[in-house]
There are 2 protein chains.
Amino acid sequence: MKLSLRSEYALRALLVLGLNYGDEVMRIQAISEQQNIPRKFLEQILNDLKSLGAVESRRGVAGGYRLARPPQHITLASIVRYLEGALAPVSCVSESFYERCSCPNEARCAIRSVMKEVRGEVVKIMEHVTLADMCQRSRQLEGATTPVDDYSI
Amino acid sequence: MKLSLRSEYALRALLVLGLNYGDEVMRIQAISEQQNIPRKFLEQILNDLKSLGAVESRRGVAGGYRLARPPQHITLASIVRYLEGALAPVSCVSESFYERCSCPNEARCAIRSVMKEVRGEVVKIMEHVTLADMCQRSRQLEGATTPVDDYSI
DNA sequence: TTAATGCCTATAAATTCAGTCGGATATTAG
DNA sequence: CTAATATCCGACTGAATTTATAGGCATTAA
């Protein structure tokens, strides 16, 4: 049920880019240091996120990365789907990455039934939450004087 | 975000045992055939589920498996946690399998914040749903004359 | 022109996944 | 007691995935 470390890195990097959203680009090195992400690995990841259209880059001396779209137009679901594939716990209930499973009667499988609910809740959250939302939360958490551990949307 | 095939097999096997819950034991072979699960692999899995205390076995000629507890006392969460570890998408928001992540400030991480919500929903469903619930759904689905594809709890 | 930066490909170690194999052990039927 | 039948158990394996690292190429600003 877990995301890969790669996806975690991607999300952290995107969050940083979201918080610095503007005309300026940010160097990989800077993100890497700020977020404790291996530089060369992050290079791969950001490059990959370009194919998704989430970020864009400038090469050369003053090069770096920035978001390709405003953060409110980048949903968590789109990122995770791109990096991890299905949001569903089993692919036979995935809408975007459906694959038939080996069970004798898929249509009447009770496991499927439960997993659909799980998928539904995960999708509901991840399709609703944008990078902008996460930036806002980040700023709220940053501003909090006392350590915070829970909150609502 | 996906379960391993091994866990899928385990759930399918448990469901079968749940539907046949009683004094009788069921042979691995029978479950394997009914559910299209490789026999030797299933052997491993069921044996493993014994350690969890979900099933018990009898060896020898009239041997086989059955549930070790009534199906209403076996939650989906307990099974998945045992087989997969954390239900949370990132281990820094897991209650049962917490691990610190490499991000600079975990307490104020916006990603964590969202992932906690996801975990919450997943846990809510999986801790609530028991094997008995799944058996009931299975019987309902079985009884349905027309193909069904959606339902509520 | 040069130094900084991203781009691209290859490689590799470690881990996980999805099994398979073979025999040990327990149980029952005869 | 013995043979047949089942689970138990540990080792092994091949393939895929994950998590990187290394090194040179291409591009750009100054």
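Values reported hereafter were calculated over all heavy atoms of this structure, with side chains retained and with hydrogens, waters and symmetry mates removed. In what follows, chains carry the letters A, B, and so on, assigned in the order in which the sequence lines appear, proteins first and then strands, with residues in each chain numbered from 1.
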- Query: Of the nucleotides D:dT19, C:dA4, C:dC7, which one has an atom closest to the side chain of A:Y65?
  - Reply: C:dC7
- For A:F41 and A:S32, run side-chain contact (heavy atoms from CB on, under 4.5 Å): C-alpha distance rounded to whole Å, both residues' side-chain angles, the deciding distance at 0.1 Å, then the answer. CA-CA 9 Å; A:F41 197 20; A:S32 150; over 6 Å; no
Between [Y] and [X], is the closest basic N to carboxylate O distance under 4.0 Å?
X: B:K40; Y: B:E43; result: yes
X: A:E56; Y: A:R66; result: yes
X: A:E95; Y: A:R119; result: yes
X: B:K124; Y: B:E121; result: yes
X: A:R81; Y: A:E127; result: yes

- Identify the heavy atoms of A:L46 and A:V55 that sit nearest to each other, and give their distance. O-CG2, 3.6 Å
- Query: Are A:E84 and A:S7 close enough that a side-chain donor and a side-chain acceptor fall under 3.5 Å?
  - Reply: yes
- Query: In residues 37-59 of chain B, which residues come under 4.0 Å of DNA chain D by heavy atom?
  - Reply: B:R39, B:K40, B:E43, B:Q44, B:N47, B:K50, B:S57, B:R58, B:R59
Starting at atom [atom1] of [X], determine the distance to atom [atom2] of [N], rounded to an integer number of angstrom.
X: A:M1; N: C:dT16; atom1: CE; atom2: P; value: 18 Å
X: A:L3; N: D:dT17; atom1: CG; atom2: P; value: 17 Å
X: A:K2; N: C:dT15; atom1: NZ; atom2: P; value: 14 Å

- Query: Heavy atom of residues 5-22 of chain A under 4.0 Å from DNA chain C: which residues?
  - Reply: none
- Task: Identify, residue by residue, the members of residues 27-36 of chain B with a heavy atom below 4.0 Å from DNA chain C, and return them in order of residue number, or none.
- Result: none
- Could you go step by step and tell me if A:N47 and A:Y65 meet the side-chain contact (heavy atoms from CB on, under 4.5 Å) rule? CA-CA 9 Å; A:N47 204 325; A:Y65 278 91; 4.0 Å; yes
- So what does A:G63 touch, heavy atoms closer than 4.0 Å: a base, only the sugar-phosphate, or nothing?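 The residue A:G63 makes sugar-phosphate contact but no base contact.
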- Message: Could you walk me through whether B:V114 and A:D133 satisfy the side-chain contact (heavy atoms from CB on, under 4.5 Å) test, starting with their C-alpha distance in whole Å, then the side-chain angles of each, then the deciding distance to 0.1 Å, before giving a yes or no?
- Response: CA-CA 10 Å; B:V114 179; A:D133 295 324; over 6 Å; no
- So which of A:R100, A:K116, A:R112 actually passes side-chain contact (heavy atoms from CB on, under 4.5 Å) with A:C92? A:R112
